[in-house]
Amino acid sequence: MVPEADFCPPLPLSYRLSPDQHFDLDPTLSCGQVFRWHRANGIWRGTIENKPVAVRQAGPLLTYTGCSEASLVRYFALDIDLENVLLTTGDDPYLAAAIRRHRGLRIVRQDPWECLVSYLCAQNTSIPHIQRMLHNLCARTGDEIRGPAGTAHSFPDAGAVASLPLEEKKACAFGYRAGYIHRTAEAVTMDPCWDERIREMDYEDARREIMQFPGVGPKVADCILLFGFEMYESFPVDVWVRAIVQTCYGVGSPAKTLTPKEYETIRRFGRRHFGRYAGYAQEYLFADRDHLVRLKRED
DNA sequence: GCCCAGGTGTGCT
DNA sequence: AGCACACATGGG
C-alpha cells in the first residue's frame with residue numbers, strides 16, 4: 001500500500017511512556033477496533049488527523065513521525081489513566097485473563113466520520129473483509145497525502161463518498177452495504193455538524209440519534225459511540241461478545257439469531273457488571289475471543 | 001458446496 | 001411486539 005516506505009526510514013521523534021502509563025501498540029492496532037493500520041518490519045503505518053504516520057514501539061519508547069506529539073497522545077489516548085479505568089471494571093476472572101493477555105490495549109480516538117463508515121462496513125462480515133473494503137474506498141476516492149512518514153490515502157469526506165458512482169462502490173466490495181454507505185454519506189453531507197450534535201448528547205440520546213442513519217442499528221451505533229465519541233459506557237454486542245457473555249456469565253440464550261430484546265439484555269448486563277467503562281471491558285473480551293470461545297468448546 | 005462473519009431492514013404474524 | 005429471512009462478499 002505504501003511501497004516506497006518499505007525501506008524503513010528513520011523515525012526521528014520519540015515519546016517515552018512513564019512507568020505507570022501502560023500502552024502496547026500491537027494489541028491496540030490489531031484488535032479490530034480500527035481497520036487502516038498495517039505493520040511491516042515492526043513499524044505500524046496509518047493516518048492520524050489525515051496525515052501519514054509511522055510508529056514503532058520498543059518497551060516504553062515510542063518512535064514516530066508524521067504528526068505532533070499532541071496528536072499522537074490524543075489519538076492513542078495516552079492521557080487516559082488505563083490502570084484506573086480497568087480497576088473500575090471490577091475483579092472478574094475472565095476479564096482479568098483477557099487484560100493479562102492483551103495488556104496495554106487502549107481504545108483509540110477515531111475520527112467520527114471514518115468510524116461511522118467503518119462500522120457500516122462491519123456488519124455481518126469478517127475483519128479482513130472490512131479492511132479490504134475500507135482500503136478500496138480510500139485508494140479509489142481518498143486524496144494522496146504525503147509527509148515524512150511517506151504517502152497514504154486520506155479517508156474521503158462525506159461529499160466524496162456520496163458522489164462516488166454506484167459502479168465504483170460495487171468495486172469496493174461493499175456488497176449490499178453500498179446502499180447504506182451511499183445514503184448515510186448523503187445524510188451527512190446535508191448535516192455536516194452531525195458529530196458536534198452527537199457530542200453534546202448523553203449516551204442514550206446519542207444512540208437514538210445515530211440510529212437514524214440507514215444501516216446503523218444497535219451494534220453499529222454502540223461501536224461508533226465507543227470508538228468515535230469516547231462514550232465508554234457503550235457495550236457493543238456482536239456474535240463473539242454474545243457468545244462470550246453466554247459462556248462466561250450465563251447471560252442470554254444460545255438461540256440462533258440475536259434479537260433486539262436479547263441485545264438489550266446483554267448490553268444492560270455489560271453496563272451493570274462492568275460499570276461506566278464497560279466498553280473497555282468489552283474490547284478486552286473481544287480481543288480475547290479466541291481464548292474465551294475455546295472455553296465453550298471444551299464444555 | 002457449505003457455514004459463518006464486529007447486523008440491519010423488511011415483511012409477516 | 002416478536003420472529004424469520006434476505007442480503008453481497010470472502011475465508012475456512
Side-chain angles (χ1 to χ4, degrees), chain A residues 27-37 98 102 105 107-108 110 112 114-137 140 164 166-185 187 207-229 231-232 234-247 252-267 270 278-294 296-297:
Chain A
T28 297
L29 291 177
S30 62
C31 71
Q33 60 173 319
V34 67
F35 305 101
R36 283 195 335 115
W37 286 87
H102 305 273
L105 188 163
I107 293 179
V108 305
Q110 298 189 35
E114 177 167 350
C115 190
L116 170 53
V117 176
S118 297
Y119 283 91
L120 279 175
C121 292
Q123 59 185 61
N124 198 30
T125 193
S126 60
I127 290 173
H129 186 202
I130 302 164
Q131 293 170 331
R132 188 189 330 279
M133 289 187 270
L134 293 168
H135 169 74
N136 291 342
L137 176 67
R140 281 172 180 276
L164 187 68
L166 187 58
E167 282 302 308
E168 298 238 14
K169 283 202 179 69
K170 295 216 173 204
C172 293
F174 289 142
Y176 69 91
R177 306 162 194 81
Y180 299 151
I181 292 165
H182 180 75
R183 286 153 56 206
T184 293
R207 196 170 186 268
R208 274 187 287 274
E209 181 73 9
I210 216 167
M211 282 174 64
Q212 299 301 310
F213 290 121
V216 178
K219 156 64 168 60
V220 170
D222 282 333
C223 285
I224 295 166
L225 295 177
L226 178 60
F227 300 127
F229 291 93
M231 294 192 184
Y232 298 115
S234 178
F235 191 83
V237 182
D238 63 18
V239 295
W240 295 107
V241 171
R242 188 262 192 106
I244 291 165
V245 170
Q246 223 273 308
T247 307
S253 69
K256 291 128 188 72
T257 56
L258 181 62
T259 64
K261 178 184 267 190
E262 194 186 353
Y263 189 102
E264 277 305 293
T265 303
I266 298 172
R267 170 170 90 101
Y280 250 98
Q282 188 272 6
E283 203 49 24
Y284 277 90
L285 294 175
F286 179 80
D288 203 39
R289 60 195 177 284
D290 287 344
H291 184 87
L292 291 172
V293 288
R294 193 173 311 140
K296 181 174 193 166
R297 271 203 293 276

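Convention: sequence-line order gives letters A, B, ...; per-chain numbering from 1. Worth saying up front: this structure is predicted, and the values here are computed from it rather than measured.
- In this structure, CD of A/Q123 is placed 9 Å from C1' of B/dG9, rounded to the nearest angstrom.
- Relative ring orientation between A/Y119 and A/F227 is described as parallel, the plane-to-plane angle staying below 30° on a 0-90° scale split at 30° and 60°.
- A/D222 contributes no side-chain N or O that, together with a main-chain N or O of A/P236, makes up a donor-acceptor pair within less than 3.5 Å.
- Nucleic acid contact for A/G32: base, since at least one base atom lies under 4.0 Å from a heavy atom of the residue.
- Distance from the side chain of A/K219 is smallest to B/dT8 among B/dA5, C/dA4, B/dT8.
- Within 4.0 Å (heavy atoms only), A/P260 reaches no atom of the nucleic acid at all.
- Partner of A/M133 under the side-chain contact (heavy atoms from CB on, under 4.5 Å) criterion, chosen from A/S118, A/P128, A/C121: A/C121.
- A gap of 23 Å separates the C1' atoms of B/dG9 and C/dG10, to the nearest Å.
- Between A/F286 and A/F213, the residue whose closest nucleotide on DNA chain B is further toward the 5' end is A/F286.
- In this structure, A/Q110 contributes its side chain and A/Q33 its backbone to a donor-acceptor pair below 3.5 Å.
- The CG atom of A/N136 sits 12 Å away from the P atom of C/dT9 (whole-angstrom rounding).
- Nearest nucleotide to the A/R177 side chain, out of B/dT8, C/dT9, C/dA8: C/dA8.
- An OP1 or OP2 oxygen of C/dG2 is reached within less than 4.0 angstrom by a side-chain nitrogen or oxygen of A/K261.
- For A/T259, counting side-chain heavy atoms from C-beta on, the closest listed nucleotide (C/dG10, B/dG7, C/dC3) is C/dC3.
- Per the geometry, CG belonging to A/L134 stands 14 Å off P belonging to C/dG10, to the nearest Å.
- Along DNA chain B, the nucleotide closest to A/V216 and the one closest to A/F227 are compared, and the more 5′ of them pairs with A/F227.
- Between A/Y263 atom OH and C/dA1 atom P the separation is 19 Å, expressed in whole Å.
- A/E283 comes within 4.0 angstrom of a base, heavy atoms only.
- Listed nucleotides B/dA5, B/dT8, C/dG10 differ in distance to A/R132; the shortest reach to its side chain belongs to C/dG10.
- Closest to the side chain of A/T257, out of B/dT8, C/dA4, C/dG10, is C/dA4.
- Distances from the side chain of A/T125 to the nucleotides B/dG7, C/dG10, B/dA5 place B/dA5 closest.
- Comparing B/dT8, C/dT9, B/dA5 against the side chain of A/A173 picks out C/dT9 as the nearest.
- Counting to the nearest Å, the C1' atom of B/dA5 and the CZ atom of A/R289 are 10 Å from each other.
- Taking atom CG of residue A/D238 and atom P of nucleotide B/dC4, one finds them 15 Å apart after rounding to whole Å.
- Considering only side-chain N and O atoms, A/R242 lies nowhere under 4.0 angstrom from the phosphate OP1 or OP2 of B/dG7.
- In terms of modelled atom types and a separation under 3.5 Å, the side chain of A/T265 and the main chain of A/G252 share no donor-acceptor contact.
- In this entry the distance linking CG of A/N124 with P of C/dG10 reads 14 Å, nearest Å.
- Base pairing of C/dG11: its partner is B/dC3, meeting the Watson-Crick or G-U wobble criterion (both donor-acceptor distances under 3.5 Å).
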Report task. Please lay out, stage by stage, how A/E264 and A/R267 fare under the test salt bridge (Lys or Arg N to Asp or Glu O under 4.0 Å). Result -> CA-CA 5 Å; A/E264 277 305 293; A/R267 170 170 90 101; 3.0 Å; yes
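- With rounding to whole Å, A/F235 atom CZ is found 15 Å from B/dG7 atom P.
- Contact annotation: side chain of A/Y176 to base of B/dG7, donor-acceptor pair present below 3.5 Å.
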